[in-house]
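In what follows, a single structure is set out as structure tokens and then discussed.
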Amino acid sequence: MANVVVVGSQWGDEGKGKIVDWLSERADIVVRFQGGHNAGHTLVIDGVSYKLSLLPSGVVRPGKMGVIGNGVVVDPHALIAEIGRLAAQGVAVSPDNLRIAENAALILSLHRDLDAFRENSNTGTRIGTTKRGIGPAYEDKVGRRAIRVMDLADLPALREKIERLLAHHNALRRGLGQEEILAETLYEELASVADKVLPFMDSVWQLLDRERRAGKRILFEGAQGALLDIDHGTYPFVTSSNTVAGQASTGSGVGPGAVGYVLGITKAYTTRVGEGPFPTEQTGEVGDFLGTRGHEFGTVTGRKRRCGWFDAVLVRQTIRTSGITGIALTKLDVLDGLEEIKICVGYKLDGREIDYLPASQAAQARVEPIYETLEGWKDTTAGARSWNDLPAQAVKYVRHVEELIGAPVALLSTSPERDDTILVQDPFQD
Ligand code: IMP
């Protein structure tokens, strides 16, 4: 039976929430495999809106299991707060519907401090992070000094790990002119959350192996987008995890063969939050139109998103780096009423034409988009539920996008309402 991975194929905010919600109804288990509470997914179920950052979408649906895999960095305070917010909305999160990998690394307050300090300082490259401590937590994981979920279960041994972690962080803090952190303070921070986090702890690779063999359907829920990938994205303006589909395997402990259909969520235009290259960015009238029409404000930080035309070069690239089987095209209705619509089909770099995004930061900043201009459509696409409901020019746009990126549209989303979706191919049935 096919499992499904959902990834963003641009810079995040492609509208994953609605699609993940739709797919989670068909899945038995929903797994987060990277990132942390820097993500922001809004789910609307039976008219009630739920905002999730760290928890997998499955937790709001009765009978589904949500899993936080080892590839996620877990802020215990954010976890407890999010569980509390859901409880206030009548959704009970317990070990019956949530498990957290014992080997997931924790985000601590010292990570948040460091993230904010770097972002607010005038030296170094400003990335425009969410200031949630994501990057510093992954640094400690790779540096082999992280505190992991399982360490909360062995408080006596925790003291030694704290000493090792603080030897690094206090040296940094001294250099940055920040006050040092006492081992006892950090110990108390961790001891105070242990009882609330430990009931959810599990061996996630074993759980998923068991469930998969029992024929359960697994949905791997990616956060951010492929262009924010630490290896394949617009480095250094990226997040600190792998966001491409291959991470579903390493970030949860299933083999690559267990990951079936890869669905790339793709917006009909492009947005990005934070700093970094954005070849098709529109700062004038078109950008304002897309931002206003598309309600392009961050769900986590409230920041205004940068907006621009659809970039087929970038999406074609992420189709390859993530092995995307089909895309879910979202927010087509935002383009309704435009006289003409541009699509970037290649770049000019130093007088040469290229069909990919170069890896170097300097070259990425220099590429100039080559556009094709398509005729727009007057009628609305909002709420369309079949191809026949769409204006002919809109169908042409979608078909041209498919051709340019080299992947089929499996789903076409025409409004935030879950039923306003044209289904071409069910990823779970593929
Ligand atoms: P960080 O993940 O907080 O370290 O931020 C690194 C970069 O990723 C910044 O440009 C953020 O704006 C961006 N980013 C992180 N999470 C998201 C997301 O969920 N959607 C869109 N951009 C994100």
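In this chain, numbering begins with 1 at the start of the sequence shown. Every number for a ligand or one of its atoms is a count from 1 in the order of the listing.
The shortest distance between side-chain heavy atoms of T234 and L357 falls below 4.5 Å.
Salt-bridge check for R418 with E25: passed, with a basic side-chain N closer than 4.0 Å to an acidic carboxylate O. Classification of R173 and E180 as a salt-bridged pair fails, no side-chain N sitting under 4.0 Å from a carboxylate O.
The ring-ring contact (aromatic ring centres under 6.0 Å, His included) pairs that include a residue from residues 311-336 number zero, where partners must be two or more places apart or lie in different chains.
Remark: R305 fails to qualify as a cation-pi partner of F297 under the 6.0 Å distance and 45° angle criteria applied to the six-membered ring.
Contact residues of ligand 1 (protein heavy atom closer than 4.0 angstrom to a ligand atom; sorted by chain and number): W11, D13, N38, A39, I127, G128, T129, T130, Q224, L228, V238, T239, V273, G274, R303.
For the side chain to side chain contact (heavy atoms under 4.5 Å, CB included) with Y371, the qualifying choice from T280, V345, I343 is T280, the only one to do so.
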